[in-house]
Amino acid sequence: MTTPDTTPDVMAPAPRPPLLSRLGALGPLLGLLALMAVATALNPDFLTVSNLSNVLTRASFIGIIAVGATFVIVSGGIDLSVGSMAALMAGSMILIMNAAAPSLGITGSILLGMLSALLIGVGAGLLHGTAITRGRIEPFIVTLGTLGIFRSVLTYLSQGGSISLDNALSDRYSPVYYGKLLGIPIPILVFAAVALLGGLILNRTRYGRYVQAVGSNEQVARYAAVDVTRVKITTYVIQGLCVGIATLLYVPRLGSASPSTGLLWELEAIAAVIIGGTALKGGSGRIWGTVVGAVLLLSIENVLNLTSIISVYLNAAVQGVVIIIVAFLQRGRRT
Amino acid sequence: MTTPDTTPDVMAPAPRPPLLSRLGALGPLLGLLALMAVATALNPDFLTVSNLSNVLTRASFIGIIAVGATFVIVSGGIDLSVGSMAALMAGSMILIMNAAAPSLGITGSILLGMLSALLIGVGAGLLHGTAITRGRIEPFIVTLGTLGIFRSVLTYLSQGGSISLDNALSDRYSPVYYGKLLGIPIPILVFAAVALLGGLILNRTRYGRYVQAVGSNEQVARYAAVDVTRVKITTYVIQGLCVGIATLLYVPRLGSASPSTGLLWELEAIAAVIIGGTALKGGSGRIWGTVVGAVLLLSIENVLNLTSIISVYLNAAVQGVVIIIVAFLQRGRRT
Amino acid sequence: MTAPSAAAFHGVTRSFGPVQVLHGVSLQVRPGEVHALIGENGAGKSTMMKILGGYLPPSGGSLEVNGQPAHFRNSRDAEARGVVLIHQEFNLADDLSVAQNMFLGRELGGALLDDRAMNAQAAAALQRLGLTLDPRTRVRELSVPHKQLVEIAKALSREARLLIMDEPTATLTVRETDTLFALIRRLREQGVTILYISHKLEEVKALADTVTVLRDGRVVSSAPAQDLTPHQMASLMVGRELEDMFPPHAPPSNAPLLEVEGLSVPGWATDASFTLHQGEVLGFAGLVGAGRTELFEGLLGLRRSTVGQVRLKGRPVRLGSPGAAARAGIVYLSEDRKGKGLLVDFQLRPNLTLMTLQHYARPVLDPRAEQRALERAVQTYGIRTGRLDVPASALSGGNQQKLALARILEVHPQVIILDEPTRGVDVGAKREIYALIQQLAAAGQGVIVISSELNELLGLCHRLLVLHSGRVVATLEGEAMNEQTVIQYATGLRTPAAQVPA
Amino acid sequence: QTKQVIGVSIPSADHGWTAGIVYWANQTKAELEKMYPGLSVIVKTAKDSNEQANQIQDLYTVNKINALVILPQESAPLTKPVADLKKQGVFTLVVDRALTDPTAQSAYVAGDNPGLGRVSGEYVGKTLGGKGNVVVLRGIATVIDNQRVDAFENVIKTKYPNVKILDKQYANWNRDDGFRVMQDYLTRFPKIDAVWAQDDDIAVGVLKAIQQAGRTDIKFVLGGAGMKDMVKKVMDGDKLITADVTYPPTMIRDAMRLLAKARMTNTAMAKSTIIPSVLVTKANAAEYYFPKSPF
Ligand SMILES: Nc1ncnc2c1ncn2[C@@H]1O[C@H](COP(=O)(O)OP(=O)(O)OP(=O)(O)O)[C@@H](O)[C@H]1O
Ligand SMILES: Nc1ncnc2c1ncn2[C@@H]1O[C@H](COP(=O)(O)OP(=O)(O)OP(=O)(O)O)[C@@H](O)[C@H]1O
Ligand SMILES: [Mg+2]
Ligand SMILES: [Mg+2]
């Protein structure tokens with residue numbers, strides 16, 4: 001560099017990040033494409049519109065929850081309770097709908113039920129966020145606790161059995177899952193909307209920037225006048241809302257809730273987030289990665305259903321191996 | 001060298017070790033004592049020797065695994081696979097014992113089986129550690145993957161059913177669980193030994209110091225010429241060994257392994273570690289806290305079985321509430 | 001030269017990605033001398049020293065230590081040859097204790113560690129620096145100057161033949177600096193060679209035998225210290241004549257801007273009251289540990305504190321949190337750049353705009369407007385970086401400081417509290433920061449400066465408050481505002497009998 | 001020759017009984033495919049209701065099944081997905097757990113959960129001579145568990161009012177929980193006459209706990225489902241395991257056989273077939289002993 005004596009040297013125009021790290025960032029996508037290629041080779045039906053639409057529809061539940069989990073994880077937290085929360089929401093929602101139907105009518109009670117699911121989500125999020133920030137308890141512990149609590153309450157409500165939506169309600173409500181708009185199943189549209197909105201919030205709004213800052217270094221964020229407590233609480237509320245939205249789509253599908261509803265969804269959601277390239281320690285993350293992660297997880301399951309090359313006992317092993325391979329493909333990003 | 005020429009007057013006194021944070025450090029212990037008081041009030045049988053010995057014996061499995069988990073977590077990692085690993089070990093161990101009995105004799109094959117469990121632990125630990133350090137894959141993902149893989153392999157080996165130890169072997173081996181030494185059940189003694197050794201290693205050896213340094217600041221550790229890769233791999237090996245030891249005690253109890261063996265042990269082990277005051281993000285931790293955490297978790301379950309004050313459906317809710325309360329008691333420690 | 005050089009660089013180059021930082025530097029360090037290395041922020045001083053210390057490999061060229069070629073793969077290799085580096089950015093594990101950090105990687109004891117011996121030795125090493133500190137304290141709990149002293153003690157406790165100090169005094173006040181210098185001189189007598197980096201040119205003049213000036217990754221001069229005045233050093237560094245460091249200041253108005261009454265921060269400061277006027281630059285002096293940092297952290301709700309009353313332009317305000325303070329127009333620059341100042345993993349742009357995002361939200365953030373702001377700030381504050389899209393951690397220490405300063409000034413605050421504003425900043429840039437402070441004051445804003453450099457405080461401030469053990473012991477202005485008086489108050493040699501109401 | 005694709009969707013082998021289901025499903029697949037050349041049988045396992053719902057959708061869209069045999073993880077959540085398949089023209093044979101909407105199932109091969117509870121209740125009541133203390137270990141919180149326990153309690157309450165149920169806790173159909181819950185029961189209740197473990201896996205843990213405590217007040221432990229080890233014990237005249245109540249995983253075999261026959265020979269199949277839960281005692285144990293099954 002030939003430097004003029006006085007003025008600071010002119011900045012080079014920001015060049016693009018190195019190719020390798022850009023490729024690494026595409027890791028999960030590459031993983032998904034590779035999986036799709038293998039799947040199609042194993043069973044050409046994989047690539048049919050109806051199958052792909054099935055897979056995406058299913059990925060919507062975990063995917064929507066995982067969008068919320070991305071916020072929580074980027075901010076440096078974790079929420080283990082999402083599966084139980086979904087179960088509790090589904091159960092309460094159905095009970096409320098059934099109870100309200102005689103007085104409010106079908107549509108009215110469905111709307112009331114939907115609203116109540118979202119409210120439970122907001123409430124749970126506030127509870128988590130407050131216990132974690134003001135109560136200064138580790139997120140892992142708080143949400144492990146509520147994992148037990150939510151599921152227990154549902155078990156109590158259902159007296160150990162299952163809670164089913166009345167038929168009339170079920171018929172009116174089921175298009176929310178089974179219906180299509182412009183040929184695309186509604187859950188996929190909702191998933192896309194949630195992901196887009198999530199991406200926009202995380203990457204293009206003040207709040208999203210604060211979430212990243214808090215996850216990167218809470219102390220610095222605090223000194224920079226970021227209201228860390230509010231930012232954190234809000235991530236848990238977003239998580240709760242996302243679980244609520246996923247439950248709104250889940251209930252019309254199966255029309256019931258039981259103590260085993262949503263079991264282990266937390267692991268799947270967190271796995272989707274991390275396969276997507278978000279670091280568990282927080283600070284940075286990307287919604288599109290999470291979306292790819294969720295689709296990838298559900299595709300593995302789908303492929304296993306489509307083929308019978310190996311023993312049924314080994315399904316989970318194949319899933320495990322694929323997850324590790326995909327994570328390996330995108331490891332370039334890590335420091 | 002003594003004081004330099006310009007003797008400075010004594011500086012501000014060393015800041016007091018704040019009483020509050022010292023009390024906070026005792027949080028889990030306080031929690032345990034409170035729980036024991038409540039338990040005794042609810043059912044005086046709680047404090048009987050035989051009940052306490054039952055509780056401690058059961059706590060041994062999770063406790064020993066949690067000692068290993070403390071190393072992993074302090075170093076900044078996580079191992080989700082411990083439950084599946086235990087199941088795989090138990091199954092393999094039994095199969096090996098059964099197969100070897102005719103040729104090696106009872107005692108020989110028991111020893112071979114025990115050795116093989118420990119070797120599986122070491123192997124799994126090496127696998128995890130290597131994938132995480134050299135493969136640069138998030139620990140969460142690696143061990144989520146092997147969680148599926150280990151359990152699948154066991155399910156395959158058992159064809160979904162259970163694998164049982166032959167009677168002759170079982171009779172010879174069962175004292176390892178049911179036997180007593182100086183009136184104390186062997187699992188409790190082993191737990192105590194593992195905890196003491198773990199505490200010694202973590203707090204009083206070079207290696208333990210490096211584990212903390214790596215978890216606190218990997219870069220600093222690297223600059224101090226700590227072999228970060230080896231330190232990390234070793235924590236997973238220690239975890240594997242601890243799971244192995246726990247399995248050695250587990251198998252003689254029921255003499256069988258099945259796909260439900262060790263389910264969710266990972267959550268219990270991590271919960272024990274964190275209730276004990278180790279931060280999930282790594283850097284510092286204490287084995288005695290982990291021990292208290294494990295005993296506490298198992299005591300909650302025991303108390304619930306000893307009383308019928310509330311609906312069984314709500315057991316998990318009570319557990320959740322107690323966990324959160326205990327964590328709240330020891331929150332003083334957090335920064 | 002008869003004896004071989006203690007250390008020598010031969011045409012050493014170093015690049016980070018496409019950006020070349022060192023352009024073939026050659027340098028001889030005579031054994032047993034104190035050799036100062038000076039240069040503007042980002043000139044490449046730390047990079048050179050990291051290479052010598054075994055922390056970074058060179059891209060080209062070669063090194064010699066004691067006449068023998070040196071190819072260090074890591075710092076352990078360098079230490080084996082007696083080369084020890086004290087980092088500019090602290091290199092301590094927060095969760096470990098002071099003693100554990102000092103002995104990390106070379107613990108005492110056999111199979112079991114001998115913590116008692118390590119604690120004793122650590123305490124002794126700290127004592128040599130005049131610091132009485134429980135070696136079992138976790139580093140997380142230390143203040144920045146104390147971390148600095150621990151970092152120094154850590155290096156001193158190793159058997160160094162060649163000791164590299166990268167801005168060891170950036171946050172130390174006169175007394176600690178004096179103690180350190182006494183130590184350095186003793187080490188020199190014992191034949192230890194010292195490579196010393198500092199932006200405090202008076203110190204360099206007082207201490208060094210030889211001064212080497214680095215500019216843009218090239219050595220521009222290497223000469224005996226006695227041949228250079230601090231002013232000449234500065235001119236060599238920036239490559240042109242520097243005018244007066246401190247621009248003349250306009251008198252402040254009499255209108256009070258910020259009035260604080262009865263501020264106490266438990267354990268740190270007791271019943272402090274002061275008034276900042278519009279257009280005033282108010283200094284806070286005191287020794288390390290006097291509680292200046294904590295006082296203002298308390299004021300902004302960053303620590304637990306109690307306060308009688310705070311008035312801004314005569315109106316009572318409540319400053320419960322940094323957010324409330326920022327909304328009221330009060331901002332604070334932390335002395336702890338790495339821990340509290342910058343998001344080191346983030347790029348420069350989000351770092352700069354973190355406190356002013358509302359200006360870029362319409363309502364969706366406009367990264368291009370942010371980028372323009374960054375380009376402006378880079379110009380205004382002279383932030384030197386090869387590229388704009390690097391993480392903040394890739395900036396040199398002084399340039400990180402400028403970025404942190406730029407962030408809080410983006411807020412256009414009324415009251416600006418600056419804790420060590422020129423920490424690690426080169427003379428040229430320092431001058432610009434001083435000018436900026438005067439400009440802000442001239443525009444009617446109020447500036448509070450906390451600094452370890454007495455010169456800076458004396459040259460910059462209208463009035464000076466001295467803190468001792470958490471109490472305001474003096475308010476000085478005019479004639480009374482001189483080095484001797486300040487030191488007397490700060491060390492407690494003089495008591496606040498003559499206190500003027502602030 | 002008719003060509004038929006039968007999909008079989010069952011829970012994955014996560015405890016003894018489901019392992020038996022998986023085993024018999026695979027055995028029967030081999031048997032039937034050999035017997036009927038035009039037939040192909042696809043066996044799939046699912047870890048939860050949600051996955052099972054996905055799975056039967058995949059079986060329809062991709063594997064193009066004509067008939068489905070399903071042993072639902074849970075009834076309620078699978079009712080809708082099965083009903084959908086039936087609407088698309090797939091013959092749906094539901095095994096063990098009846099759907100909440102009976103019109104969703106073309107045919108039903110039923111295990112008899114209330115029956116299991118009833119038979120168990122009768123045995124416990126009668127063997128105790130109408131008087132004594134019983135502890136109950138439940139399974140996992142599901143409808144099945146409720147049906148069994150309700151039927152059991154009902155028999156005890158109405159027919160044996162002097163038999164006292166001391167407590168009911170979940171043991172999650174696994175051995176470890178059986179052991180732990182029983183250990184605590186033993187601490188808590190000084191006198192227990194009989195244990196209803198409801199499931200043979202739980203009973204394994206219960207036996208170990210009793211053995212460890214060395215308690216002699218317990219007269220017998222009644223499991224359920226017909227696990228081979230337990231049936232063997234009954235056969236051999238074990239002191240504590242005096243009987244068992246079947247809930248045979250072979251019901252999946254029976255269902256598959258019935259369906260294959262009906263489809264391949266184009267005959268109608270009975271709308272509902274009940275596989276009763278029967279009491280296994282020393283007298284009839286040999287009939288229920290399948291040493292090759294994993295269960
Ligand atoms: N890891 C890195 N990646 C990219 N650039 C870097 C990295 N480390 C340093 N640089 C660049 O190298 C140049 C020299 O940095 P260095 O830290 O050596 O400066 P310095 O002379 O010590 O400055 P200061 O006085 O501010 O401490 C700077 O422009 C800096 O941005
Ligand atoms: N009132 C006090 N009581 C006890 N210790 C004190 C007190 N004031 C200061 N200290 C000591 O000073 C140390 C650090 O103080 P610190 O350096 O943060 O103060 P400061 O005045 O902000 O320093 P600087 O002038 O460098 O900013 C603490 O570890 C503490 O031991
Ligand atoms: Mg530097
Ligand atoms: Mg300070």
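All chains are named by letter (A, B, ...) in the order of the sequence lines, taking the proteins before the strands, and each is independently numbered beginning at 1. Hydrogens, waters and symmetry mates are skipped; everything else that's a heavy atom, side chains included, is used.
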If you measure from [atom1] on [X] to [atom2] on [Y], what distance do you get to the nearest 0.5 Å?
X        : Y        : atom1 : atom2 : result
B/Ser216 : C/Asn101 : OG    : CG    : 7.5 Å
C/Leu96  : B/Gln212 : CG    : CD    : 6.0 Å
B/Asn203 : C/Leu113 : CG    : CG    : 10.0 Å
B/Arg222 : C/Ser75  : CZ    : OG    : 11.5 Å

If you count heavy-atom pairs under 4.5 Å with chain B, which of C/Arg76, C/Glu79, C/Gln100 comes out on top?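 Counting heavy-atom pairs under 4.5 Å, the top option is C/Gln100.
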Greatest number of heavy atom pairs closer than 4.5 Å to chain B - which of C/Leu92, C/Asp77, C/Asn74: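 Option with the greatest count: C/Leu92.
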Looking only at heavy atoms, which two atoms of C/Arg106 and B/Tyr210 are closest? And how far apart?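 Closest heavy-atom pair between C/Arg106 and B/Tyr210: N-OH, 4.3 Å.
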Minimum heavy-atom distance B/Gly282-C/Asp95, with the two atoms named: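 Smallest heavy-atom distance, with atoms named: O-OD2, 4.1 Å.
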Backbone of C/Gly109 reached by a side-chain donor or acceptor of B/Arg206 within 3.5 Å: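 At least one qualifying donor-acceptor pair exists.
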Which pairs with one or both residues in residues 215-241 of chain B pass ring pair (Phe, Tyr, Trp, His ring centres under 6.0 Å), sequence neighbours excluded?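 For residues 215-241 of chain B: B/Tyr223-C/Tyr55, B/Tyr223-C/His87.
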Is [X] close to chain B through its backbone or its side chain, or both, or neither, when contacts mean heavy atoms under 4.5 Å?
X        : answer
C/Asp115 : side chain
C/Arg136 : neither
C/Leu108 : backbone

Do you know which of B/Leu200, B/Val220, B/Asn217 has the most heavy-atom pairs with chain C at a distance under 4.5 angstrom?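 It is B/Val220.
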Under a 4.5 Å cutoff for heavy-atom pairs, which residue among B/Gly215, B/Gly208, B/Ala221, B/Ala213 has the most contacts with chain C?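 Of B/Gly215, B/Gly208, B/Ala221, B/Ala213, B/Ala213 has the most heavy-atom pairs under 4.5 Å with chain C.
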Are there more than 12 heavy atoms of other residues, nucleotides or ligands under 6.0 Å from atom CZ of C/Arg471?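 No.
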Count the heavy atoms of every other residue, nucleotide or ligand shown that sit under 6.0 Å from CZ of C/Arg116, and state whether that count exceeds 12.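 Count not over threshold, so no.
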